[in-house]
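Input: a single structure, listed below in structure tokens.
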Amino acid sequence: MLFDAAEIARRVDALAGEIARDIRGDLLAVVILKGSFVFAADLIRALERAGLSPQVDFITLASYGAGSESAGRVSLVRDLSEDVRGRTVLIVDDIVDTGRTLKFAREELLGRGAAAVRTCLLLDKRAKRNVAIEPDYVGFAIEDRFVVGYGLDLAHRYRGLPYIGVVVPTTP
Ligand code: IMP
Ligand code: MG
């Protein structure tokens with residue numbers, strides 16, 4: 001285990017506080033599925049407690065196959081239903097690794113005419129970054145290890161774990 005449920009909850013509350021101090025008024029949270037659905041559910045409720053009431057929309061992006069290595073390109077699997085033109089948008093995602101997914105999402109939203117795009121990532125694997133992008137809000141910076149739980153999966157499993165953990169290979 002890397003972060004237990006209580007530690008995550010405290011950090012998510014603090015993040016929401018930071019965001020609510022910086023952003024006022026109209027906000028559209030764009031949640032990048034699938035990995036960030038658990039984080040987003042907690043963050044959005046924490047934002048509400050912090051006095052910010054964002055609209056919420058979802059986009060599904062894929063960059064990984066069934067394993068744990070990046071496929072190297074990002075594809076749009078399911079699109080938003082809202083028009084982002086002229087809006088302040090907060091991208092909510094679970095983890096930034098190479099940075100390709102975040103860069104793709106940011107450029108896509110700006111390309112569609114969003115007025116401003118901020119990015120909130122629960123986890124930041126800085127060592128693996130290979131495109132130039134820095135998230136605005138980060139929950140935890142972590143080492144280059146494959147993590148699961150709290151929405152994050154390994155081959156579509158472990159998303160429901162209440163904590164974030166590292167998968168330890170079993171020895172035969
Ligand atoms: P990037 O495009 O390489 O930055 O990868 C971002 C996406 O890869 C994330 O949104 C996750 O879906 C997935 N990912 C990267 N690292 C991990 C990990 O350690 N566990 C689970 N998913 C990961
Ligand atoms: Mg993801």
Side-chain angles (χ1 to χ4, degrees), residues 1-5 7-9 11-12 15-16 19 28-44 46-47 54 56-82 84 89-112 114 117-170:
M1 184 162 72
L2 267 186
F3 306 108
D4 67 22
E7 220 173 338
I8 297 168
R11 190 64 195 117
V12 171
L15 271 180
I19 294 165
L28 176 66
V30 166
V31 177
I32 302 187
L33 297 175
K34 301 175 191 171
S36 67
F37 75 104
V38 176
F39 172 46
D42 286 342
L43 182 72
I44 280 146
L47 286 172
V56 183
D57 201 359
F58 302 91
I59 190 168
T60 306
L61 301 179
S63 68
Y64 275 73
S68 62
E69 282 307 304
S70 177
R73 76 198 141 71
V74 182
S75 58
L76 198 162
V77 177
R78 260 190 303 262
D79 207 346
L80 299 169
S81 58
E82 298 298 315
V84 300
V89 175
L90 179 71
I91 292 176
V92 178
D93 203 2
D94 51 358
I95 185 165
V96 51
D97 184 15
T98 64
R100 289 193 198 99
T101 303
L102 191 57
K103 184 167 188 275
F104 177 93
R106 193 169 174 278
E107 286 174 357
E108 185 66 29
L109 296 171
L110 287 170
R112 294 180 190 188
V117 177
R118 298 281 175 272
T119 55
C120 179
L121 279 292
L122 179 64
L123 301 171
D124 183 354
K125 249 190 227 181
R126 283 182 189 147
K128 288 279 289 289
R129 197 69 36 81
N130 65 16
V131 301
I133 188 157
E134 281 310 312
D136 297 302
Y137 305 96
V138 171
F140 304 99
I142 62 167
E143 315 266 280
D144 179 19
R145 300 169 84 187
F146 199 83
V147 294
V148 297
Y150 197 69
L152 292 121
D153 73 304
L154 172 62
H156 310 296
R157 295 178 60 201
Y158 310 119
R159 292 194 199 274
L161 295 176
Y163 56 86
I164 293 167
V166 176
V167 181
V168 182
T170 49

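Remember, it's a predicted structure, so these values are computed and weren't measured experimentally. For reference, positions follow the sequence shown, starting with 1. In each ligand, atom 1 is the first atom listed, and ligand 1 is the first ligand listed.
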Against heavy atoms of R100, which atoms of ligand 1 measure under 4.0 Å?
2 (O), 4 (O)
Within less than 4.0 angstrom of ligand 1, does I95 place any heavy atom?
yes
Within reach of ligand 1, part of L154 (heavy-atom separation under 4.0 Å):
neither
Check I8 against P162 and note the closest heavy-atom contact, atom names and distance.
CD1-O, 4.0 Å
L102 near ligand 1 by a heavy-atom separation under 4.0 Å:
no
For residues L80 and R112, determine if any side-chain heavy atom of one lies less than 4.5 Å from a side-chain heavy atom of the other.
yes
Just jot down the side-chain hydrogen bond (donor to acceptor under 3.5 Å, both in side chains) partners of D4, sequence neighbours excluded, or say none.
none
Candidate list Y137, F39, F58, test side chain to side chain contact (heavy atoms under 4.5 Å, CB included), partner V92, passing option
F39
Measuring only between side-chain heavy atoms, which start at C-beta, is L90 closer than 4.5 Å to P54?
no
Below the 3.5 angstrom mark, is there an N/O of G99, backbone or side chain, next to an N/O of ligand 1?
yes
Suppose I only count heavy atoms of L152 and a 4.0 Å limit; which atoms of ligand 1 are within that range?
20 (N), 21 (C), 22 (N)
Report the member of D94, T101, I32 with the shortest heavy-atom distance to atom 10 (O) of ligand 1.
D94
Which of the atoms of ligand 1 are close to K125, meaning less than 4.0 Å from one of its heavy atoms?
16 (N), 17 (C), 18 (C), 19 (O)
A student checking ligand 1 against T98 at a 4.0 Å heavy-atom cut-off should list atoms 1 (P), 2 (O), 3 (O), 4 (O)
Quick one: do D94 and K34 make a salt bridge, cutoff under 4.0 Å?
no
List, one per line, each side-chain donor-acceptor pair under 3.5 Å for residues 140-148, sequence neighbours excluded.
none

Verdict with reasoning, L76 to I59, per side-chain contact (heavy atoms from CB on, under 4.5 Å)
CA-CA 8 Å; L76 198 162; I59 190 168; 4.3 Å; yes
Can a non-hydrogen atom of R145 be found less than 4.0 Å from any atom of ligand 1?
yes
Between V147 and ligand 1, does any nitrogen or oxygen pair lie at a separation below 3.5 Å?
yes
At a 4.0 Å cut-off, with the gap strictly under it, does some heavy atom of D153 reach an atom of ligand 1?
yes
Does ligand 1 have a heavy atom under 4.0 Å from the side chain of K128, from its backbone, from both, or from neither?
neither
For residues V96 and T119, determine if any side-chain heavy atom of one lies less than 4.5 Å from a side-chain heavy atom of the other.
no
